[in-house]
Trainee: 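Sharing a structure here in structure tokens format.
Counting begins at 1 with the first residue of the sequence.
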Amino acid sequence: MHDTGTVIQPAPAPEQEEQRTERHEEQNSKHARRFGLPIATCLVMGNIIGGGIFLLPASVAPFGTISLVAFGVLTLGAIALALVFGRLAQRDPRTGGPYVYAREAFGDFAGFLAAWSYWATAWVSNAALAVAAVGYLDVLIPVNDHKWTACLAALALQLLPALANFAGTRYVGAVQVVATVLKFVPLILVAVGGLFFFDSANLGPFQASDDSPVGAISASAAILLFSYLGVESAAVSAGEVRDPRRNVGRATILGTLGAALVYLLGTLAVFGTVAHDKLVGSTAPFSDAVNVMFGGSWGGTAVALAAVVSILGALNGWTLLSAQTPYAAAKDGLFPSVFGKKKRGVPTVGVLVTVVLASLLTVYNYTAGSSGVFESLVLITTFTATVPYLLATAAQIYFLVSGQGERVNRARLVRDGVLAGIACGFSMWLVAGSGYAAVYQGVLFLFAGVLVYAWMAARKERTATH
């Protein structure tokens with residue numbers, strides 16, 4: 001395949017040698033297996049599509065079908081971001097993704113901020129995913145009758161993917177493929193089958209709110225913005241992907257396009273099968289769509305099962321990602337060294353710490369008696385998730401602008417620069433969509449990370465001088 005981007009020098013030789021050593025060790029373990037293109041693609045799709053898609057059509061229905069325009073705009077931004085990650089991974093295919101790019105471009109401090117933000121996003125999101133899954137699980141098995149039953153169910157939902165991670169990358173990949181296939185069957189059933197039951201009379205007004213067209217698009221986009229978090233999944237796990245210079249970019253694009261197709265077709269199908277007035281107040285829009293398509297009331301059970309499987313798949317992937325960035329930072333002395341140990345291809349300490357922190361947050365959520373604090377923490381993660389995106393896209397712009405003239409094809413430089421600019425704008429839109437409170441509290445959390453960086457940097461310096 002011909003190179004389609006700016007030519008930049010590969011990673012330094014010592015780091016490549018370290019990668020080769022780790023790969024040799026992992027190959028000797030029957031439990032470790034490097035991800036090929038299909039599994040890497042499933043990792044991206046599985047992490048982008050969690051449980052939110054099952055409520056998405058009802059969430060944007062109050063704005064009318066103009067929300068589909070917002071979806072289209074966001075999809076273009078997400079694809080631009082995916083292309084940038086693919087180009088960055090081709091340049092430097094090491095585990096850590098945004099952390100690696102930010103550190104190489106701007107130094108240790110920027111790299112640490114990317115790692116710190118991404119790590120926090122992962123474990124808080126895991127707690128949120130598990131709590132959300134309990135609501136769907138309750139349809140299948142009554143667990144919400146008592147808060148401790150619900151809490152234990154949420155903890156169990158976190159533990160199962162963690163066990164797959166402890167077993168090794170071979171099992172992480174297997175779980176990801178199975179979860180992706182199982183959750184896409186009902187989603188595609190609605191997304192494709194719903195088009196045969198499509199009735200334009202159900203769509204309702206193009207613009208249902210009193211906002212201006214631009215205001216309606218922006219308002220619906222604020223809800224949809226975070227549907228594409230996870231596009232960086234393959235880049236973060238680049239060290240576990242076979243032929244990463246080639247496969248990370250492909251998996252990122254294929255996974256993002258696949259998720260976008262399911263999002264758009266699924267939302268359009270639900271819009272066309274469920275009457276707009278009913279959809280606005282629906283708590284299970286995909287269930288309502290299935291009931292319209294086939295009659296009966298089994299849609300709720302089918303969608304609940306698909307949602308639980310979907311969230312388990314997302315938890316499986318995010319648990320791995322939550323350990324990968326601290327692993328990369330630990331290798332550079334910016335996280336405690338214990339995070340830099342691998343077994344069966346997985347940074348097990350990172351997985352363990354993630355599960356413990358997410359479990360403690362889950363228990364706190366159920367014992368506090370109020371979801372206010374928990375929801376605030378989840379909103380903060382929507383801001384912290386964008387910090388690595390902004391740093392990564394800024395790194396790409398830096399690499400392009402500072403490239404030596406004899407190594408840069410001018411036509412490709414312009415194209416890559418435009419993509420980086422769009423991806424940077426998309427990341428800024430994510431920040432704006434997270435809201436004032438989340439940005440304010442998220443910045444405070446980043447400042448707390450500065451203290452951690454000061455401690456780790458001092459230890460690193462002291463070790464280097466002795």
Trainee: With sequence neighbours left out, write down each residue that passes ring-ring contact (aromatic ring centres under 6.0 Å, His included) with Y440, or none if nothing qualifies.
Mentor: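 Testing Y440 for ring-ring contact (aromatic ring centres under 6.0 Å, His included), a comparison that skips the adjacent residues, returns none.
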
Trainee: In chain order, what residues pass the side-chain contact (heavy atoms from CB on, under 4.5 Å) check against A115, with sequence neighbours excluded?
Mentor: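 A115 satisfies side-chain contact (heavy atoms from CB on, under 4.5 Å) with Y99, T325, A329, F335 only.
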
Trainee: Just jot down the side-chain contact (heavy atoms from CB on, under 4.5 Å) partners of A323, sequence neighbours excluded, or say none.
Mentor: P347, V351

Trainee: Work out which heavy atom in G333 is nearest to a heavy atom in M456; give both atom names and the distance.
Mentor: O-CE, 3.8 Å

Trainee: Between L137 and V308, what is the shortest heavy-atom contact and its length?
Mentor: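 Heavy atoms only, the tightest pair is N-CG2, 3.8 Å.
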
Trainee: Nearest 0.5 angstrom please: F339 CZ to L352 CG, how far?
Mentor: 9.0 Å

Trainee: Could you tell me which non-hydrogen atom of A154 sits nearest to which non-hydrogen atom of T362, and how far apart they are?
Mentor: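 Closest approach of A154 to T362: CB-CG2, 3.6 Å.
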
Trainee: If you round to the nearest 0.5 Å, how far is CD1 of I311 from CH2 of W318?
Mentor: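 The CH2 atom of W318 sits 14.0 Å away from the CD1 atom of I311.
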
Trainee: Check L390 against C424 and note the closest heavy-atom contact, atom names and distance.
Mentor: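 Looks like CD2-O, 3.9 Å.
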
Trainee: For Q158 and V355, which heavy atoms make the closest approach, and how far apart are they?
Mentor: OE1-O, 4.1 Å

Trainee: Answer yes or no: is there a side-chain heavy-atom contact under 4.5 Å between S427 and L81?
Mentor: yes

Trainee: Heavy-atom distance under 4.5 Å between the side chains of F112 and D332, does that happen here?
Mentor: no

Trainee: So F85 and Y101, would you call those rings parallel, tilted or perpendicular, with 30° and 60° as cut-offs?
Mentor: tilted

Trainee: With sequence neighbours excluded, tell me which residues meet side chain to side chain donor-acceptor pair (under 3.5 Å) with T354.
Mentor: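 Only S322 meet the side chain to side chain donor-acceptor pair (under 3.5 Å) criterion with T354.
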
Trainee: Could you walk me through whether T367 and W148 pass the side chain to side chain contact (heavy atoms under 4.5 Å, CB included) test, one step at a time?
Mentor: CA-CA 9 Å; T367 56; W148 286 115; 3.3 Å; yes

Trainee: Only one of T393, L400, L83, I79 forms a side chain to side chain contact (heavy atoms under 4.5 Å, CB included) with L419, so which one is it?
Mentor: L83

Trainee: Could you please spell out the steps behind the side chain to side chain contact (heavy atoms under 4.5 Å, CB included) verdict for E104 and F399?
Mentor: CA-CA 10 Å; E104 186 172 350; F399 294 141; 4.3 Å; yes

Trainee: Could you measure the distance from the CG atom of L76 to the CD1 atom of I422? Nearest 0.5 Å is fine.
Mentor: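 Answer for the CG-CD1 pair, L76 versus I422, is 8.0 Å.
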
Trainee: Suppose we screen for side-chain contact (heavy atoms from CB on, under 4.5 Å). Which residues come up paired with S117, at least two apart in sequence or across chains?
Mentor: T384, V387, P388, L446

Trainee: May I ask you to test the L113-Y453 pair for a side-chain heavy-atom distance under 4.5 Å?
Mentor: no

Trainee: Before giving the answer on side chain to side chain contact (heavy atoms under 4.5 Å, CB included), spell out for F383 and V443 the whole-Å C-alpha distance, their side-chain angles and the decisive distance to 0.1 Å.
Mentor: CA-CA 9 Å; F383 165 74; V443 168; 4.0 Å; yes

Trainee: Excluding sequence neighbours, so at least two apart, what forms side chain to side chain donor-acceptor pair (under 3.5 Å) with T75?
Mentor: Y228

Trainee: Any chance you could lay out the side chain to side chain contact (heavy atoms under 4.5 Å, CB included) test for D108 and L334, step after step, and finish with the verdict?
Mentor: CA-CA 8 Å; D108 284 353; L334 299 179; 4.0 Å; yes

Trainee: Given side chains that start at C-beta, do those of W119 and L357 come closer than 4.5 Å, heavy atoms only?
Mentor: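 Side chain of W119 against side chain of L357, heavy atoms only: contact under 4.5 Å found.
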
Trainee: Quick one, V124 and F445 - any side-chain contact, counting heavy atoms below 4.5 Å?
Mentor: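 Counting from C-beta outward, V124 and F445 never come under 4.5 Å.
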
Trainee: Looking only at heavy atoms, what is the nearest atom pair of A385 and T121, with distance?
Mentor: N-OG1, 3.3 Å

Trainee: With side chains defined as the heavy atoms from C-beta onward, is the minimum distance between V73 and F426 less than 4.5 Å?
Mentor: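 Heavy-atom side-chain distance check fails, nothing below 4.5 Å.
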
Trainee: Could you check whether any side-chain heavy atom of L159 comes within less than 4.5 Å of a side-chain heavy atom of L155, counting everything from C-beta outward?
Mentor: no

Trainee: Under a 4.5 Å cut-off applied to non-hydrogen side-chain atoms, are V353 and W123 in contact?
Mentor: no

